[in-house]
Amino acid sequence: MKKKFYITTPIYYPSAEAHIGHAYCTTVCDILARYKRMRGVPTYFLTGTDEHGEKIQKKAQEKGVTPQQYVDEIADKFKQLWKAMRISNDDFIRTTEDRHTKVVQDIFTTLYNNDDIYLGKYEGWYCTPCESFWTDTQVGEEHLCPDCHRPVHRASEESYFFKTNKYLPQLLEYMDQNPKFILPLSRKNEMMNTFIKPGLNDLCVSRTSFDWGVQIRENPKHVIYVWMDALSNYITALGYGSDNQEKFKKFWEDPDCEIVHIVGADISRFHVIYWPMFLMGLNLRLPDRVFVHGLLDLNGEKMSKSRGNVINPVDLINRYGVDTVRWYLAREMTFGSDGKFTPELFVERINMDLANNYGNLINRTSSMIIKYFGGVVPELTAPLSEFDKKMKSLQDATVKLYESSMDDLKLTEGLACVMEYLNGANKYIEETTPWVLAKENRIDELKNVMCVLANAIVCASIMLKPALVESFDKVMKQFNVPEQLQNYENNVYSFCPLSGVQVTKESPLFPRLDKAIEVEFISSLSNKK
């Protein structure tokens, strides 16, 4: 594990308000950032909005406002959503900010002077929603965008182009030498077979048909095209090209900092092909990993504001609490694969993991400690039973798997192994039968069981803390855990360090959801217009 960590979401396009699809990627990044901080790793977490382009300009015209007014309103709503989701980002970059636009102009100038960019003319098929040019082969006979499948139109204009093939050999070498640069591996194969092997065209990096963008100093009738503008945010937010480059040196230039971009499948090619090439042209290091997460659909359809089939996470938070929403997003989808949101899956996942497993264990354990020992967690006494030893082995294995999974960005596996640990604790109750131990007055054995259970809950809660941000404090308070034992290293590497504290009985942390009622409610949130 490297000594520092820099993680980014893609910067989201504010053509409409954020929905649960955006929340998925941001929540995943937040959990990974919180995990690294919990392990004592200096961490920087960036998100933001990509605010230029023809689509934004048209949206603003339709609404009768300036493009800046339009993006100001939606960017603010993104920020409000991240606050509601308890996202712990260190910065929120907007591509309309001076700290970004001025440096993007400098980046263009540097690449232009380096003979990486030349002036030419573009003729081809253009998709306005995706802001992408395509060839005849790519759009096919039906003239549809290969990304979003909407109609494209012919466009011809003077443009600046970036020489992609100049850096292709260097990029391919980097990919070979760094097998985890693009994850999952299937995404690397997709990039190679779909875009690189058929022949990579030079990339259009300027437009003249609209003016809502970063103006090129060398030729002011051109604005810098979306991807050179947008992708540069990952370094402009750190202060690259500014008077204060302390953060850039710490989280980009330092080879002991791991740089991770988390992006959606629909924009992966820009991040794994063109962004590394821009960095090569600037003589800067490349990211360690670009992780392409799957797309989240709703009831079998890709979420889209235009289709009216999106869900606002705030509606779910208001009813179920932020932790349940964060948990579903992190746990239900296998990180790196496509997933779906359905009301049924949401209710089933929350009931299975949080109500029946985690919450039920807390309720049973606290009730038994109060019943048998007046609410005081007893000390562990020798000798340990075979069941006690099995729980110790399970804890050791869980912590090891949890750390290796989270460090390797295998988020789903990391959280799943903690759930298995909690399953093991529930099974431990059935195996040790504490009610029988109490009836037979086998007090030392009963003390061990209560101590092991209380400590299993605290240990699991610490590992779940990056995902369940509000529940953690509630559990620590209910079990009266001293602050030093809330620290990751002080707890998870020890077996049963907690004893002598007073446990209280609280209302269920995660009440079981009535499936019929809640499915109906969630379905009402996504009714199509």
Side-chain angles (χ1 to χ4, degrees), residues 38-40 357-400 402-403 417-465 468 470-510:
M38 183 175 70
R39 298 291 310 281
N357 190 355
Y358 185 37
N360 185 48
L361 180 65
I362 293 171
N363 293 338
R364 296 175 77 185
T365 299
S366 58
S367 295
M368 288 190 293
I369 293 173
I370 291 170
K371 180 178 180 180
Y372 300 134
F373 297 103
V376 178
V377 177
E379 289 187 12
L380 198 65
T381 60
L384 298 181
S385 71
E386 290 304 311
F387 296 124
D388 300 338
K389 293 176 182 177
K390 190 163 70 171
M391 280 300 294
K392 183 181 186 304
S393 296
L394 180 59
Q395 176 180 321
D396 293 342
T398 300
V399 171
K400 185 176 181 180
Y402 172 75
E403 292 179 357
C417 78
V418 183
M419 280 294 117
E420 285 302 310
Y421 176 50
L422 290 169
N423 278 330
N426 276 302
K427 184 179 179 183
Y428 172 76
I429 295 177
E430 305 309 317
E431 292 173 332
T432 56
T433 58
W435 48 92
V436 174
L437 298 178
K439 184 177 180 180
E440 297 178 354
N441 205 32
R442 294 154 64 182
I443 301 303
D444 285 349
E445 293 175 69
L446 183 60
K447 283 182 178 180
N448 280 5
V449 172
M450 294 301 106
C451 184
V452 168
L453 287 172
N455 279 277
I457 289 169
V458 174
C459 180
S461 297
I462 290 173
M463 288 187 280
L464 294 175
K465 181 183 178 182
L468 303 178
E470 293 189 343
S471 304
F472 174 80
D473 290 336
K474 294 176 182 177
V475 174
M476 295 302 107
K477 182 179 179 181
Q478 183 174 353
F479 283 80
N480 201 19
V481 182
E483 188 172 346
Q484 68 270 20
L485 287 185
Q486 296 182 29
N487 177 274
Y488 184 88
E489 277 74 13
N490 292 347
N491 189 291
V492 302
Y493 301 136
S494 302
F495 186 59
C496 297
L498 180 71
S499 64
V501 298
Q502 184 74 41
V503 176
T504 59
K505 180 69 175 175
E506 304 291 341
S507 57
L509 191 59
F510 296 103

Just by modelled atom types, is the V492 backbone N or O under 3.5 Å from a matching donor or acceptor in the Q395 side chain?
yes
Decide yes or no for N448 and T381: does some side-chain heavy atom of the first lie under 4.5 Å from some side-chain heavy atom of the second?
yes
Taking C-beta and beyond as the side chain, do L380 and F495 meet within less than 4.5 Å on heavy atoms?
yes
For a quick check under 3.5 Å, do S393 and D396 share a side-chain donor-acceptor pair by atom type?
no
If we only count heavy atoms from C-beta on, is the M419 to L464 side-chain gap below 4.5 Å?
yes
Rounded distance (nearest 0.5 Å) linking atom NZ of K392 with atom CG of N455:
12.5 Å
Note: L485 and P497 closest approach over all heavy atoms is CD1-O, 3.7 Å
Scanning both residues in full, the closest heavy-atom pair of I369 with A454 reads CD1-CB, 4.0 Å
K505, NZ: over 12 other non-hydrogen atoms inside 6.0 angstrom
yes
Minimum heavy-atom distance between C451 and E379, given as atom pair plus value:
SG-C, 4.2 Å
Identify the heavy atoms of N490 and S494 that sit nearest to each other, and give their distance.
O-OG, 3.8 Å
State, with a plain yes or no, whether a side-chain heavy atom of Y372 is found less than 4.5 Å away from one of P378.
no
Using a strict cut-off of less than 4.0 Å between a Lys/Arg side-chain nitrogen and an Asp/Glu carboxylate oxygen, indicate whether E431 and K390 qualify as a salt bridge.
yes
Are any of the side-chain nitrogens in K389 or E386 under 4.0 Å away from the carboxylate oxygens of its partner?
yes
Within this structure, what is the SG-CG distance for the pair C496 and L384, rounded to the nearest 0.5 Å?
8.0 Å
Look at atom CD of E483 and say whether more than 12 heavy atoms of other residues, nucleotides or ligands are closer to it than 6.0 Å.
no
Give me the atom names and distance for the closest heavy-atom approach of Q486 to F472.
OE1-CE2, 3.8 Å
Verdict with reasoning, V503 to V377, per side-chain contact (heavy atoms from CB on, under 4.5 Å)
CA-CA 7 Å; V503 176; V377 177; 3.5 Å; yes
Does N363 offer a backbone N or O that forms a donor-acceptor pair with the side chain of S366 under 3.5 Å?
yes
Return the CG to CD1 distance between L468 and I462, rounded to the nearest 0.5 Å.
13.0 Å
Examine distances only and state if a side-chain atom of D388 and a backbone atom of S385 form a donor-acceptor pair shorter than 3.5 Å.
yes
Please find the pair of heavy atoms, one from C459 and one from Y421, that lie closest to each other, and give the distance.
CB-OH, 4.1 Å
Kindly compute the distance separating CZ (F510) from NZ (K474), expressed to the nearest 0.5 Å.
7.5 Å
Nearest-0.5 Å distance that lies between atom CD1 in I457 and atom CD in Q478:
8.0 Å
Within the structure provided, determine whether M463 and Y488 are in side-chain contact (heavy-atom separation under 4.5 Å).
yes
Test F479 against I362 for side-chain contact (heavy atoms from CB on, under 4.5 Å), laying out the working first.
CA-CA 10 Å; F479 283 80; I362 293 171; 4.0 Å; yes
For a 4.5 angstrom cut-off between non-hydrogen side-chain atoms, does L361 reach I429?
yes
Is any side-chain heavy atom of L446 closer than 4.5 Å to one of M368?
no
Do F387 and V449 make a side-chain contact, defined as non-hydrogen atoms from C-beta onward lying under 4.5 Å apart?
no
Euclidean distance, N357 CG relative to E420 CD, rounded to 0.5 Å
8.5 Å
Under 3.5 Å, side chain of Q484 to main-chain N/O of N491, donor-acceptor pair present?
no
